[in-house]
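Remarks on the structure that follows.
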2 protein chains.
Amino acid sequence: MSNEPPTEPRWLTDEEQHAWQSYLHATTLLEDHLDRQLQRDAGMPHIYYGLLVQLSRAPRRRMRMTELAQNAKITRSRLSHAVARLEKNGWVRREDCPSDKRGQNAHLTDEGMRVLEKAAPGHVAAVRAAIFDRLSAEQINQLDEICGVMAEGLQPQGADLPWLR
Amino acid sequence: MSNEPPTEPRWLTDEEQHAWQSYLHATTLLEDHLDRQLQRDAGMPHIYYGLLVQLSRAPRRRMRMTELAQNAKITRSRLSHAVARLEKNGWVRREDCPSDKRGQNAHLTDEGMRVLEKAAPGHVAAVRAAIFDRLSAEQINQLDEICGVMAEGLQPQGADLPWLR
DNA sequence: CACGAGTTATTGAACATTTAACAACGTGGA
DNA sequence: TCCACGTTGTTAAATGTTCAATAACTCGTG
């Protein structure tokens, strides 16, 4: 009984190749674009901005570190570093969690909220200009659907991250 | 004459919000997945793998640094660092360009080629499993189309990179 | 030819991310 | 209670990326 990987890998068809290139091209360009836009206008990379958004939506603008990491789909380690930086900027503060002495809550400060509110319009405009003002309503639904399917296949299991991968 | 940004930014509709979250979720997960897959199976991140692929397709497996950077959509600086690393691994070598004394050619070595050939099947399988075995032929076309539209809007002008942004 | 402006690639420093290891705490069962 | 095991969050070190500055060269124009 052969237990090796298939001797004939199924390569991508021409359509698949082309779509894959398009995908890599577009996603790379967009991520770069948003990173620079936010770095310029808000002094932080896209992912850090995402953290502030999450916090701003949480009750009392507070969230447990692990929950925040899960929502943002990053490792706890990465979050620790990120929050350390945001704290240095005065945009987030750490607090001990009352119910679990191991835990920490990240808290979006008033200053952090102000920075976020100031950056939001420009960021939305950038996202609009790059995507939603360029796609039809139908394409937006297609994109949503496609991304949903992709994400389904990527959930799970892995070393440090029972969640992320 | 009012020259300020609009006082009422056009926020995203619910559909747009949802699609945007899906997009961020899926692309983050996929990129992470492929990065880990390649780091594990080939000892390099996704983008480095992409550099080897580019070189493998070039005539004589050689390419000018700037051209390679353009194709991979990264800055020349980033490419310099990346090639330095790949060179340390023995997978790429630098050569002076005969026709332009400023120039360098990156050259994929035989060893680099072997590493690439060994890694390719697993990588294709991962991409397949994540995307192309999960989407219909129609969805693949839609994705291609959508990414094309996105990329169009992102070409642009910028600091160091007349190309990338 | 000589000059100035642009191009090519690299570098160092600051910053971000990954990985593995770790301390501190919680939880459930003997 | 006590202990084994899981969870929470952090850390150091290695690695990767960005940003600004720079050396070396090319090219067009006077």
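Below, chains carry the letters A, B, ... as their sequence lines are ordered, and counting in each starts from 1.
Between the C1' atom of C:dT11 and the CG atom of B:Leu79 lies a distance of 14 Å, rounded to the nearest Å. Here C:dT17 presents its P atom at 9 Å from CG of A:Asp35, a figure rounded to the nearest Å. Rounded to whole Å, atom C1' of D:dA20 lies 13 Å from atom CZ of A:Arg36. Here the P atom of nucleotide C:dC22 and the CZ atom of A:Arg102 are 19 Å apart, to the nearest Å. A:His46 has its NE2 atom 12 Å from the P atom of C:dT17, to the nearest Å. The CZ-C1' distance, from A:Arg78 to D:dT11, rounds to 17 Å in whole Å. Note: CD (A:Gln104) to P (C:dG26) measures 13 Å, nearest angstrom. Separating the NE2 atom of B:His81 from the P atom of C:dA16 is a distance of 16 Å, rounded to the nearest angstrom.
With no hydrogens or angles considered, a side-chain donor-acceptor pair links A:His18 and B:Asp144 at under 3.5 Å.
In this structure the side chain of B:Pro98 reaches within 4.5 angstrom of the side chain of B:Asn105, judged on heavy atoms.
Checked against D:dT11, D:dG16, D:dT10, the side chain of A:Met65 finds its nearest nucleotide in D:dT10.
At C:dC15, none of the side-chain N or O atoms of A:Arg85 fall inside 4.0 Å of OP1 or OP2 (strictly under the cut-off). The side chain of B:Arg76 contributes no N or O atom lying less than 4.0 Å from OP1 or OP2 of C:dT7. In this model, the phosphate group of D:dT7 is not approached by any side-chain N or O of A:Thr66 to a distance below 4.0 Å at OP1 or OP2. A:Tyr48 has no side-chain polar atom (N or O) that falls below the 4.0 Å cut-off from OP1 or OP2 of C:dC15.
In summary, A:Asp32 and A:Arg36 engage in a salt bridge, as defined by a charged side-chain N under 4.0 Å from a carboxylate O.
Using a 30° and 60° split on the angle between ring planes, A:Tyr23 and A:Trp20 fall in the parallel class, below 30°.
Contacts of B:Arg94 with the nucleic acid, taken as non-hydrogen atoms under 4.0 Å apart, involve only primed sugar atoms and P, OP1 or OP2.
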Residue pair A:Lys118, A:Asp41: steps toward the salt bridge (charged side-chain N to carboxylate O under 4.0 Å, His left out) verdict: CA-CA 9 Å; A:Lys118 206 164 145 200; A:Asp41 298 351; over 6 Å; no
